[in-house]
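Note: hydrogens, waters and symmetry copies are ignored here, and every other heavy atom, side chains too, is used.
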Amino acid sequence: MADTVEMVTESKQEGKQPRSVRVVLLALMIAMMLAMLDNMIVGTAMPTIVGELGGLEHLSWVVTGYTLATAASTPVWGKLGDMYGRKGAFLSSIVIFLIGSALSGMAQNMGELIGFRAVQGLGAGGLMVGVMAIIGDLIPPRERGKYTGMMAGVMALAMIGGPLVGGTITDNWGWRWSFYINLPLGVVALALVSAVLHLPKKRTRARIDYPGVLLLTVGITAIVLVTTWGGTEYAWTSARIMELIGIGVAALIGFVFWQTRAAEPVVPLHMFRSRNFTLMSVIGFITGFVMFGATLYLPLYQQSVQGASATNSGLLLLPMLGAMLVTSMVAGRVTADSGRYKIFPIAGGALMIAGLYLLSLMDTGTTRFTSGLYMAVLGLGMGCLMQITMLVAQNSVEMKDMGVASSSTTLFRTLGSSFGVAIMGALFNDRVKHVMAERAGALGKGVTEKSAQLDAKHLKMLPPAIRDAYQHAVSAGTHSAFLLGAGIAVIVLIAALFVKEVPLKSGAPKPSADGGEDAAPVAVVEAV
């Protein structure tokens, strides 16, 4: 251990991390890419998959099954890492993800594909959590901000490159390679992590909180199904949706009650005594709500109103993603140099509100340049928030809770994205159908009877008058969706104002009496 401390100390004096840590960070970024890239690649391949396997009526479950498994397993992976060691948990999640990917590529019907995607989702739940928690172990909070730009870059690359890679793979190699492409990347990540990552081993006699896992899984599943089915498969006031809401609320209340009595709770409720951790959970939820809603409806607006192709609409997101990347890097560097961070959640909340409001002003005459500027403002706001929320959340808990803190923050962001897509989608669809009925009468209502979203191919087939009405309807829908987002984003600004700025530690922590906000994790890397 003395060699460990000496190595870390010397590396800090040199102003860089040990080579082994840099190699591990490369492996972590590959794993993060796997988790983020998968859905975007598969989304592009879905029309081809349905054409070969059939089962159009079950199409949504290919995504829903993956999302459910990811959300439900996320807190469990975090707890497993805290109890038994992060390296083993992280390697296990990669293996499960790769098994699910291989099986999905071999699926012979839609039922098999949905089941195998759920297996893939179980592994994916541990990928992001593992990346965040291991970085929390390796890098002191004061230095961690330097790596936020790297993570934001991976996120931007996945969002831009996903549709492009997915289309290229599907057209040239077939849809099955949309899943097989994960295998070589995953093997590289496995090999690097296995060979280079050495963390202190943990031994515990504590048992997994199975009742807590069950209650949390039921609650999360019900919530995700409500946000997925509400307004699409079933009316929001239907008996099925009401039943799911009742089940979800009952399960989550039971979960909270049980966590106060469990010997080794899945989500230790004492973490929420930290004001900063609670605020970061709220901010993460709203950020997920806004970000995924924006990335879903901006391309739709660009294709339907501005005439962009599916491929170009992904590239047209560059102003938002580029601004997010640059701001995240600047925020990380400033945080690392100064140890202070409160300004970024405040600025992020204000810029997010401004960006969403500006996007709500877009209409049929808005140019791509103007919409690009509006997207850049939103990107600046998200860049101030994306990684700072995780950094502050990790800095607000004890080292023993690092994994579950990372998983909880990730879970809140995931749930926020589910709510964002569902609520903004319901508002968008309702507005589009209403405006179409107003502008095009019964014919316009018939066009959007089954779906308020038409792809570019079908849009070109519409009569000019109907196409013009649809473009106005989409503009009205995006106006309502982004205006709602701007209103919701106000919560981020309010929450940010109450953040307690605790300077980030640059070395070993000085544990507080209660292990609260002043307790920061230590970077410990065993000599390789």
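Counting heavy atoms from C-beta outward, L127 and V131 have side chains that stay 4.5 Å or more apart. Residues M329 and V326 have side chains not in contact (no heavy-atom distance under 4.5 Å, counting atoms from C-beta outward). With contacts defined as side-chain heavy-atom distances shorter than 4.5 Å, the pair N182/Q120 qualifies. By the 4.5 Å heavy-atom criterion applied to side chains, T327 and F344 are not counted as neighbours. In this structure, I353 and V490 have side chains that are in contact, with non-hydrogen atoms separated by less than 4.5 Å. When side chains are defined from C-beta on, S475 counts as touching Y301, because their heavy atoms get closer than 4.5 Å. In this structure the side chain of S371 reaches within 4.5 angstrom of the side chain of Q306, judged on heavy atoms. Using a 4.5 Å heavy-atom cutoff, the side chains of M390 and I135 are not in contact.
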- Query: Under the side-chain contact (heavy atoms from CB on, under 4.5 Å) criterion, do V334 and Y341 qualify, and how do the steps go?
  - Reply: CA-CA 8 Å; V334 172; Y341 49 79; over 6 Å; no
- Task: Dump the intermediate steps for side-chain contact (heavy atoms from CB on, under 4.5 Å) on T409 and M132, then the final yes or no.
- Result: CA-CA 10 Å; T409 306; M132 298 300 179; over 6 Å; no
- Please lay out, stage by stage, how L359 and L298 fare under the test side-chain contact (heavy atoms from CB on, under 4.5 Å). CA-CA 9 Å; L359 289 171; L298 276 172; 4.0 Å; yes
- L385 vs I286, side-chain contact (heavy atoms from CB on, under 4.5 Å): CA-CA, chis, key distance, verdict: CA-CA 10 Å; L385 296 169; I286 302 300; over 6 Å; no
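Taking every heavy atom of both residues into account, A495 and I283 meet most closely at CB-CG1, 3.9 Å. In plain terms, the two heavy atoms of L493 and I346 that are nearest each other are CD1-O, 3.4 Å. In plain terms, the two heavy atoms of A496 and K342 that are nearest each other are O-CE, 3.6 Å. Taking each heavy atom of W77 and G126 in turn, the nearest pair found is CD1-N, 3.1 Å. Considering all non-hydrogen atoms of both residues, F482 and L356 come closest at CB-O, 3.6 Å. Among all heavy-atom pairs drawn from A405 and V397, the shortest one is CB-CG2, 3.7 Å.
From T70, atom OG1 reaches atom CZ of R117 across 8.0 Å, with rounding to the nearest 0.5 Å. Taking CG of L378 as the start and CG of L373 as the end, the distance is 13.0 Å to the nearest 0.5 Å. Taken to the nearest 0.5 Å, the OG1 atom of T287 stands 11.5 Å off from the CD1 atom of I388. To the nearest 0.5 Å, atom CG of residue L358 and atom CE of residue M375 are 12.0 Å apart. One finds the CD atom of Q394 at 4.0 Å from the OG atom of S406 (value rounded to the nearest 0.5 Å). Interatomic distance, CG of L415 versus OG1 of T74, reported as 9.0 Å (0.5 Å rounding).
In this structure, the side chain of S328 does not engage the main chain of L325 through any donor-acceptor pair within 3.5 Å. Remark: side-chain polar atoms of R340 are not paired, donor with acceptor, to backbone N or O of E501 under 3.5 angstrom.
Atom CZ of F498 has 12 or fewer heavy atoms from other residues, nucleotides or ligands within 6.0 Å. Counting non-hydrogen atoms of neighbouring residues, nucleotides and ligands closer than 6.0 angstrom, the OH atom of Y180 exceeds 12 such neighbours.
A tilted orientation is assigned to the rings of F289 and F285, their planes being inclined by 30° to 60°.
Looking at residues two or more places apart in sequence or on another chain, you find a salt bridge (charged side-chain N to carboxylate O under 4.0 Å, His left out) between R176 and E52.
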